[in-house]
Amino acid sequence: MTNPTATALAYWAAAESRDWSTFGALLADDVVYDLPQTRERIRGKARYLQFNVEYPADWHLTVHRVVGEQRQAATWCHFTADGEPAEALTFFELDEAGLITTITDFWPEAYPPPAGREHLVESY
């Protein structure tokens with residue numbers, strides 16, 4: 001697969017269905033997974049697969065948006081983990097063969113808006 005948008009969608013579809021064989025086939029052997037907010041890094045396909053297989057929560061996802069060009073893609077996903085909602089922004093880099101070499105995951109937390117702009121915004 002050389003289309004980064006299709007690769008990112010296949011990655012999330014395999015993750016959601018817990019199809020770890022398909023999921024692993026999308027990854028380069030030396031894939032690097034970064035979580036900047038927790039300052040964690042996982043190196044290598046085997047360790048990253050194990051991380052996902054052993055993830056302790058019952059989670060599900062919906063892809064809201066995916067964009068990609070050349071050898072990069074980005075996704076915005078809505079997750080629930082044990083019923084708790086979360087949003088994730090994920091950036092993918094692919095090698096020349098179309099395998100994922102780098103995944104960077106951001107998990108922003110919602111926070112209350114600053115006071116004083118209520119007349120300009122719509123809350124949802």
Side-chain angles (χ1 to χ4, degrees):
M1 205 176 271
T2 57
N3 177 324
T5 300
T7 299
L9 288 171
Y11 170 93
W12 287 126
E16 173 62 26
S17 67
R18 311 311 191 258
D19 180 351
W20 302 122
S21 176
T22 299
F23 186 86
L26 297 167
L27 305 173
D29 289 338
D30 60 350
V31 65
V32 175
Y33 176 67
D34 278 323
L35 288 155
Q37 290 162 300
T38 58
R39 299 176 53 89
E40 295 175 287
R41 178 173 291 143
I42 299 172
R43 293 182 186 274
K45 183 192 298 193
R47 291 174 66 94
Y48 184 54
L49 279 168
Q50 184 177 355
F51 172 82
N52 282 280
V53 169
E54 294 179 0
Y55 197 81
D58 177 30
W59 57 269
H60 296 280
L61 69 95
T62 303
V63 177
H64 283 298
R65 184 172 297 164
V66 59
V67 295
E69 66 176 36
Q70 297 175 357
R71 294 187 355 216
Q72 298 180 345
T75 59
W76 168 22
C77 295
H78 173 76
F79 281 82
T80 58
D82 292 333
E84 293 295 317
E87 303 295 321
L89 304 172
T90 307
F91 298 87
F92 301 90
E93 294 181 28
L94 285 64
D95 64 15
E96 294 170 358
L99 297 175
I100 299 168
T101 59
T102 305
I103 304 159
T104 306
D105 245 348
F106 292 93
W107 294 83
E109 292 194 23
Y111 60 90
R117 59 184 186 195
E118 298 84 1
H119 64 290
L120 300 173
V121 302
E122 174 184 326
S123 293
Y124 60 95

| query | Can we call the ring centroids of Phe79 and Trp12 under 6.0 Å apart? | reply | yes
| query | How long is the gap from CZ on Phe92 to CG on Asp105, to the nearest 0.5 Å? | reply | 7.5 Å
| Do Asp34 and Val32 pass the side-chain contact (heavy atoms from CB on, under 4.5 Å) test, and can you show the C-alpha distance, the side-chain angles, and the key distance before you say yes or no? | CA-CA 6 Å; Asp34 278 323; Val32 175; 4.1 Å; yes
| field | Cluster link Ile42 to Tyr11, ILVMFWY, side chain under 4.5 Å | value | yes
| said: Between Thr90 and Thr75 (side chain of the first, backbone of the second, donor and acceptor by atom type, cut-off under 3.5 Å), is there such a pair? | reply: no
| query | Side chains of Asp95 and Thr101: is there a donor and an acceptor less than 3.5 Å apart? | reply | no
| request: Give the C-alpha distance, both sets of side-chain angles, the deciding distance and a yes or no for side-chain contact (heavy atoms from CB on, under 4.5 Å) between Arg71 and Glu93. | output: CA-CA 6 Å; Arg71 294 187 355 216; Glu93 294 181 28; over 6 Å; no
| query | Distance from Ile103 atom CD1 to Arg41 atom CZ, nearest 0.5 Å? | reply | 13.0 Å
| Below 4.5 Å, heavy atoms only, C-beta onward: do Glu69 and Pro4 meet side chain to side chain? | no
| said: Are more than 12 heavy atoms, taken from residues, nucleotides or ligands other than Glu118, located less than 6.0 Å from that residue's CD atom? | reply: yes
| Roughly how far, to the nearest 0.5 Å, is NZ of Lys45 from CG of Asp29? | 4.5 Å
| query | Which value, rounded to the nearest 0.5 Å, describes the distance between His60 atom NE2 and Thr80 atom OG1? | reply | 6.0 Å
| field | Arg18 charged N/C atom sitting above Trp59 aromatic ring, 6.0 Å / 45° | value | yes
| task | Kindly work out whether a path of hydrophobic side-chain contacts (I/L/V/M/F/W/Y, heavy atoms less than 4.5 Å apart) joins Val53 to Leu26. | result | yes
| Val67-Val63 co-clustered via ILVMFWY side chain contacts under 4.5 Å | no
| Are any of the side-chain heavy atoms of Thr104 and Pro36 separated by less than 4.5 Å? | yes
| task | Measure the spacing between CG of Leu49 and CG of Leu27 and express it to the nearest 0.5 Å. | result | 6.0 Å
| note | Rounded to the nearest 0.5 angstrom, the CH2-CD distance for Trp20 and Gln50 is 12.0 Å
| field | Non-hydrogen atoms of Ala25 and Leu99 that approach each other most closely | value | O-CD2, 3.2 Å
| message | If hydrophobic clusters are built from ILVMFWY residues whose side chains come within less than 4.5 Å, do Tyr48 and Trp107 share one? | response | yes
| task | Measure up the Tyr33 and Phe51 rings against each other and bin them: parallel (under 30°), tilted (30 to 60°), perpendicular (over 60°). | result | tilted
| query | Can you list the steps and then say if Gln37 with Glu109 is a side-chain contact (heavy atoms from CB on, under 4.5 Å)? | reply | CA-CA 11 Å; Gln37 290 162 300; Glu109 292 194 23; 6.0 Å; no
| task | Tell me whether Phe106 is reachable from Val31 by hopping between hydrophobic residues (I, L, V, M, F, W, Y) whose side-chain heavy atoms are closer than 4.5 Å. | result | no
| query | Under 3.5 Å, side chain of Asp82 to main-chain N/O of Asp58, donor-acceptor pair present? | reply | yes
